[in-house]
Novice: 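After the structure tokens below, expect a handful of questions from me.
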Amino acid sequence: MQYQRFGNKVVARLDKGEEVLETIKSLCQKENIKLASVLGIGAVKNTELRYFNPETKQYHDQIFENSYEAAPISGNISRMNQEVYLHLHASLGGADFGSIAGHLKSAVVSATLECVLDIIEGGVEREFSGEVGLNLLNFK
Amino acid sequence: MQYQRFGNKVVARLDKGEEVLETIKSLCQKENIKLASVLGIGAVKNTELRYFNPETKQYHDQIFENSYEAAPISGNISRMNQEVYLHLHASLGGADFGSIAGHLKSAVVSATLECVLDIIEGGVEREFSGEVGLNLLNFK
Amino acid sequence: MQYQRFGNKVVARLDKGEEVLETIKSLCQKENIKLASVLGIGAVKNTELRYFNPETKQYHDQIFENSYEAAPISGNISRMNQEVYLHLHASLGGADFGSIAGHLKSAVVSATLECVLDIIEGGVEREFSGEVGLNLLNFK
């Protein structure tokens with residue numbers, strides 16, 4: 001990864017072989033980013049997408065090994081238990097331009113991934129909601 | 001909904017059962033937001049997508065009852081006739097990770113929906129264009 | 001195209017018949033925008049999408065003539081050889097709401113395209129990487 005901070009924005013280039021979530025988390029730790037939105041385009045492979053069934057509160061995960069164009073990877077950075085918490089979703093286009101989408105559990109950069117982090121001055125913590133079955137943003 | 005405003009940003013959590021467009025509109029009314037971009041991830045159900053045919057100027061709407069992962073919901077807030085006007089599109093991933101996309105007419109939060117509004121100081125009004133068949137941003 | 005600049009944001013309306021990349025590039029030249037993120041929704045036709053195969057470093061392009069809903073067009077503006085360099089990806093919904101996605105090589109606005117440019121004070125140059133086979137952001 002290479003990146004540069006410009007005030008409340010970070011422009012980052014993630015490189016071939018880097019895992020997307022771990023790499024963005026390490027950037028947030030280095031730059032002490034507590035709250036931000038994330039928008040990224042590029043290409044990823046070995047992508048694990050997650051679908052959450054709100055009725056059963058169960059997950060269904062699937063790995064897509066091939067390289068896909070990220071169009072985009074989007075989401076937010078918050079905190080949970082004082083740690084960086086990254087929540088990303090992805091829309092991905094394949095070799096036939098057909099699209100898949102879901103919660104992004106993990107992915108490896110296959111060519112390059114260009115992300116802009118828009119840092120928000122402040123902080124929001126997450127808390128697990130048994131009712132929903134997810135770690136929700138909590139503004140209390 | 002819970003939300004917090006941080007300067008020109010609003011981070012919002014829409015909750016299970018809330019209709020997406022009405023809830024974001026009510027937030028804009030409370031916070032007097034006239035112009036903004038919107039980016040949201042989460043999960044929605046009973047989603048009504050719209051496809052506009054530019055040649056016939058006719059709409060085609062379809063309801064998707066199941067829960068889909070929003071990846072993302074994106075668009076903008078402007079004004080029309082002094083009222084909040086929300087224009088959103090959605091890319092949505094289903095239980096099989098197949099993706100659908102279109103103009104977002106309405107949707108109900110099925111798990112959580114996390115939105116960042118990036119407020120722009122200023123205002124843009126919309127006006128109906130008979131030529132295009134849509135309410136267009138109008139900068140005059 | 002009509003547009004208005006509000007501080008570090010530009011709200012733009014691209015019009016029927018305008019080519020997306022050329023029109024945004026001309027906006028960047030007029031406003032001397034060197035670095036920005038881009039988010040756009042609307043509808044486009046005659047869209048040329050590109051898929052990059054990282055292993056062979058070869059492209060595969062395909063034209064989609066029909067009108068699709070952009071959900072969204074996203075990416076960034078940087079510089080290469082002192083010229084505006086626009087890197088966009090697109091997720092697009094068709095008449096049956098099925099979605100396609102990829103690198104956006106070109107597209108013509110079919111109804112309207114509403115873009116928000118979030119200008120970043122600073123600059124990043126691109127350089128061709130023979131190793132990756134792409135023009136990468138370069139922070140040196």
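Just so we're clear, the structure is a prediction, and the values are computed from it rather than from any experiment. Each chain gets a letter, A, B and so on, in the order its sequence line appears, and its residues count up from 1.
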Novice: Are any side-chain N or O atoms of C/Glu69 and backbone N or O atoms of B/Phe52, one a donor and one an acceptor, separated by less than 3.5 Å?
Specialist: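 Yes, the answer is positive, given that a donor and an acceptor are paired below the 3.5 Å cut-off.
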Novice: How far apart are the closest heavy atoms of B/Ser91 and C/Ala71, and which atoms are they?
Specialist: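 For B/Ser91 and C/Ala71, the tightest heavy-atom pair comes out as OG-O, 2.6 Å.
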Novice: Counting heavy-atom pairs under 4.5 Å to chain C, which of B/Leu104, B/Leu92, B/Leu136, B/Leu134 comes out on top?
Specialist: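 Most heavy-atom pairs within the cutoff with chain C belong to B/Leu136.
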Novice: List the atom of C/Ser110, the atom of B/Pro54, and the distance in Å for their closest heavy-atom pair.
Specialist: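 The pair with the smallest heavy-atom distance is O-CB, 3.3 Å.
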Novice: Under a 4.5 Å cutoff for heavy-atom pairs, which residue among B/Gln62, B/Lys57, B/Glu121, B/Glu55 has the most contacts with chain C?
Specialist: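 Ranked by contacts with chain C, first place is B/Gln62.
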Novice: Measure across B/Tyr51 and C/Phe97 and return the closest heavy-atom pair with its distance rounded to 0.1 Å.
Specialist: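 In this case the closest contact between B/Tyr51 and C/Phe97 is N-CE2, 3.6 Å.
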Novice: With the side chain counted from C-beta on, respond yes when B/Asp118 and C/Lys9 share a heavy-atom pair under 4.5 Å apart, and no when they do not.
Specialist: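 With C-beta onward as the side chain, the pair touches.
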Novice: Which bit of B/Asn138 is near chain C, if near means a heavy-atom gap under 4.5 Å: side chain, backbone, both or neither?
Specialist: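 Both parts, backbone and side chain.
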Novice: Could you tell me the separation between the CD1 atom of B/Ile120 and the CZ atom of C/Arg5, rounded to the nearest 0.5 Å?
Specialist: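 The CZ atom of C/Arg5 is 12.5 Å from CD1 of B/Ile120, to the nearest 0.5 Å.
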Novice: Let me confirm one number: the CZ-OG distance from C/Arg13 to B/Ser78, rounded to the nearest 0.5 Å.
Specialist: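 These two atoms lie 12.0 Å from each other.
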Novice: With a 4.5 angstrom heavy-atom cut-off, could you sort out which part of C/Ala43 is near chain B: side chain, backbone, both or neither?
Specialist: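 Contact with chain B: none, neither part.
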Novice: Rounded to the nearest 0.5 Å, how far apart are CG of B/Asn76 and CD of C/Glu114?
Specialist: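 If we round to the nearest 0.5 Å, B/Asn76:CG and C/Glu114:CD are 5.0 Å apart.
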Novice: At a 4.5 Å cut-off on heavy atoms, which part of C/Ala12 comes close to chain B: side chain, backbone, both, or neither?
Specialist: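 Interface part for C/Ala12: backbone (N, CA, C, O).
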Novice: Tell me, side chain or backbone of B/Ile73 under 4.5 Å from chain C's heavy atoms, or both, or neither?
Specialist: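 Neither part; nothing is under 4.5 Å.
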Novice: I need the C/Asp96 CG to B/Leu49 CG distance, nearest 0.5 Å.
Specialist: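 So the gap between those two atoms works out to 11.5 Å.
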Novice: To the nearest 0.5 angstrom, please state how far the OG1 atom of C/Thr112 sits from the CZ atom of B/Arg126.
Specialist: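 Between C/Thr112 OG1 and B/Arg126 CZ, I get 7.5 Å after rounding to 0.5 Å.
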Novice: Any side-chain heavy-atom pair from C/Val11 and B/Phe139 closer than 4.5 angstrom?
Specialist: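 Yes, at least one pair of side-chain atoms sits under 4.5 Å.
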